[in-house]
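Take a look at the structure below.
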Amino acid sequence: MFRDFAFSSRSTRRACAAIVVGALASVQPAMAQHSVPFQFGIPVAPKGLADRPLGDGPFEYATAEGQDIRVVVVTKALEFPYSFEFVPDGTLLITERAGRLRAMRNGVLDPTPVEGGPTAHSAGESGMPGAVHGYMNLALHPQFADNSLIYLSYTKPVGENVTANAIGRGRWDGRKLVGFEDVFVMQPRTGGAMPIIFGSDGMLYAATSGGDAQAPTTHSGKVLRLAPDGSVPSDNPFVGREGYLPEIYTLGHRSSLGLAVHPATGALWQSENGPNGGDELNVIRAGLNYGWPLVSFGRAYQGAWHAKVPTHEGYEPPIVYWTPAIAVSGIEFYTGDALAKWKGDIFAGGLRYGEIPGTGQLHRILVNENMEELRRETLLADLGQRIRDVVQGPDELIYVLTDEDEGAVLRIEPAN
């Protein structure tokens, strides 16, 4: 509007500049970011991509390494499944967060839940604030062939309106769990996701979530190391150290959703959710502190960096991290030959990307011999499913579990 006007004096130019600045300032409110509603201190997530039904498949994909794949829907008759594990006879055991154990044999899901498991408490909607998982992860005893023992992490009622995470075990007789008993019960009100696994040393590891991750007197936000009977091994790093629970192996974890043992090195790997960004894959080493909540590569849910600067300085850094977050879940190292171009790669489930529901995906991560990331690939994102767990089957194919009301087992196989 001023470009054809000849300014006659410096004062006139200044007056006109002030008018322009004032005019721009007057329209700033219309350009400001819109207000986002919060619940429990977390932005209420948009629903535009959520709750997309999974098709019947199969689905075929070209992938980065030239490993063309077919994704087969084995079943979608589960209700918010949480994790799964193959037993040596080929049965696939699947937990559902409501507190049920299911069995699939030869690709057919038994409509009747497995009997013999413990009473568990679950609440809320999976993926939403305040959700409580009933049954969580499974682990086979290292001598399963001899003792048939299966371990289960779950949320145990321990009093009126009080729960605690617990680990129990029962003998699998091919149809049900027999003689289930607790081997370790966490402190009351210890909750959240709790993956379990047997390490290469034959010890039982449990990764806990929430609470004061730096406090050496709590179970929350730690990795614990236990003997198979739930007792504390004498060589744990904090045994005999005043003020520390002796079962603690590492501390400074936010929310752990997966554990896996590297097939070559025997090292224990853990997947950990950051806040708004800063998801991690960590190698778990005795006695170390992984930094939460003092350091993080993630932002607070309100938007600012969680730490003053995004860093892990002074604490054990992650091997892999994500910003934006994928809500990283179960992890697996692929060792088979059926998908040969992926041999040695890490697979990590993701429940959602960038805090948006309906954007779950599977990530394939290629690392070098020093366990340093070289590249990663996103898979199955178009399906819009919450990927809760991933395992390699006895057939050397990859199986994926979706955390949905119509929960599915997917099988990834070569396209030809």
> Does the side-chain contact (heavy atoms from CB on, under 4.5 Å) test come out yes or no for Leu54 and Leu383, once each step is laid out?
Replying inline: CA-CA 7 Å; Leu54 177 67; Leu383 300 181; 4.2 Å; yes

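- Contact of the Trp172 side chain with the Leu177 side chain is registered, since non-hydrogen atoms from C-beta on lie closer than 4.5 Å.
- Using a 3.5 Å distance cut-off with no hydrogens or angles, the side chains of Gln187 and Thr218 do not pair a donor with an acceptor.
- Each of Val390, Asp389, Val391 was evaluated against Leu401; a single residue qualifies, Asp389, per the side-chain contact (heavy atoms from CB on, under 4.5 Å) test.
- The shortest non-hydrogen separation linking Gly278 to Thr323 is N-OG1, 3.2 Å.
- No donor-acceptor pair closer than 3.5 Å links the side chain of Ser148 to the backbone N or O of Asp173.
- Within the 3.5 Å criterion, the main-chain N or O of Ala64 finds a donor-acceptor partner in the side chain of Glu377.
- Between Ile398 and Ile69, every side-chain heavy-atom pair lies at or beyond the 4.5 Å cut-off.
- Listed for the Ser153 side chain is no donor-acceptor partner under 3.5 Å among the backbone atoms of Met136.
- Using a 30° and 60° split on the angle between ring planes, Tyr249 and Tyr205 fall in the perpendicular class, above 60°.
- Under the 4.5 Å side-chain criterion, counting only non-hydrogen atoms from C-beta, Leu410 is not in contact with Phe59.
- When Phe333, Trp342, Tyr399, Trp269 are each tested for a ring-ring contact (aromatic ring centres under 6.0 Å, His included) with Phe347, only one passes: Trp342.
- Of the N and O atoms on the side chains of Gln302 and Asn276, not one donor lies less than 3.5 Å from an acceptor on the other residue.
- Glu65 and Lys343 are not joined by a salt bridge, as no carboxylate oxygen comes within less than 4.0 angstrom of a charged side-chain nitrogen.
- Between the OG1 atom of Thr335 and the CD atom of Gln392 there is a distance of 3.5 Å, given to the nearest 0.5 Å.
- The shortest heavy-atom contact between Ser209 and Ser255 is OG-CA, 3.4 Å.
- Between Ile326 and Thr378 there is no side-chain heavy-atom pair separated by less than 4.5 Å.
- Between the side chains of Glu272 and Gln270, at least one donor-acceptor pair of N or O atoms lies under 3.5 Å.
- A side-chain donor-acceptor contact under 3.5 Å links Asp403 and Ser126.
- Scanning both residues, Ala307 and Leu294, for their nearest heavy atoms gives CB-O, 3.9 Å.
- Considering OG1 of Thr95 and CZ of Phe84, their distance stands at 10.0 Å, rounded to 0.5 Å.
- Judged by distance alone, with hydrogens and angles left aside, the side-chain atoms of Arg70 form a donor-acceptor pair with the main-chain N or O of Pro414 at under 3.5 Å.
- Of the possible donor and acceptor atoms, one in the side chain of Thr208 sits under 3.5 Å from a partner among the backbone N and O of His219.
- The closest side-chain heavy-atom distance from Val162 to Arg189 is below 4.5 Å.
- When side chains are defined from C-beta on, Tyr151 counts as touching Leu204, because their heavy atoms get closer than 4.5 Å.
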>> Would Leu224 and Met186 count as a side-chain contact (heavy atoms from CB on, under 4.5 Å) here? Give the steps.
In response: CA-CA 10 Å; Leu224 310 181; Met186 309 291 164; 3.5 Å; yes

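- Formation of a donor-acceptor pair under 3.5 Å by the Asp182 side chain with backbone atoms of Val185 is not found in this model.
- Contact between Pro81 and Gly407 at its shortest, heavy atoms only, is CD-CA, 3.7 Å.
- With a 4.5 Å cut-off on side-chain heavy atoms, Lys176 and Val178 count as touching.
- In this structure, the separation between CG on Asn137 and CD1 on Ile197 is 9.0 Å, given to the nearest 0.5 Å.
- Ring geometry for His312 against Phe297 counts as tilted: the plane angle lies between 30° and 60°, on a 0 to 90° scale.
- Of the inter-residue distances, the one linking Leu140 atom CG with Ile150 atom CD1 reads 5.5 Å to the nearest 0.5 angstrom.
- Scanning all heavy atoms of the two residues, the minimum distance from Ser200 to Gly266 falls at OG-O, 3.0 Å.
- Annotation for Asp89: atom CG counts as buried by contact number, over 12 foreign heavy atoms lying within 6.0 Å.
- Checking side-chain atoms of Asp279 against main-chain N and O of Gly274 turns up a donor-acceptor pair under 3.5 Å.
- For Glu372, the CD atom is densely surrounded, since the number of other residues' heavy atoms within 6.0 Å is greater than 12.
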>> For Leu351 and Arg388: C-alpha separation, side-chain torsions, deciding distance, then whether side-chain contact (heavy atoms from CB on, under 4.5 Å) applies.
In response: CA-CA 6 Å; Leu351 296 163; Arg388 174 63 77 172; 4.0 Å; yes

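- By the neighbour-count criterion of 12 heavy atoms within 6.0 Å, atom CG of Asp51 is sparsely surrounded, having that number or fewer from other residues, nucleotides or ligands.
- At distances below 3.5 Å, at least one donor-acceptor pair connects side-chain atoms of Thr155 with backbone N or O atoms of His133.
- Note that CZ of Arg254 and CD of Glu280 are 10.5 Å apart. Values are rounded to the nearest 0.5 Å.
- Phe184 has its side chain out of reach of Ile196: every pair of non-hydrogen atoms, C-beta onward, lies at least 4.5 Å apart.
- A salt bridge is defined here as a Lys NZ or Arg NE, NH1 or NH2 lying under 4.0 Å from an Asp or Glu carboxylate O, and Lys76 with Asp56 meets this definition.
- In this structure, the separation between CD on Gln385 and CZ on Arg52 is 8.0 Å, given to the nearest 0.5 Å.
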> Taking it one step at a time, do Asn282 and Thr250 satisfy side-chain contact (heavy atoms from CB on, under 4.5 Å)?
Replying inline: CA-CA 11 Å; Asn282 293 301; Thr250 62; over 6 Å; no

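- Around CG of Asp235, the count of heavy atoms belonging to other residues, nucleotides or ligands within 6.0 Å exceeds 12.
- Using a 4.0 Å cut-off between charged side-chain N and carboxylate O, Arg225 and Glu247 make no salt bridge.
- In this structure, Tyr290 contributes its side chain and Lys222 its backbone to no donor-acceptor pair below 3.5 Å.
- Between Pro88 and Phe144 the shortest heavy-atom distance is CD-CE2, 3.2 Å.
- Side-chain atoms of Arg102 come within 3.5 Å of backbone N or O of Asp110 as a donor-acceptor pair.
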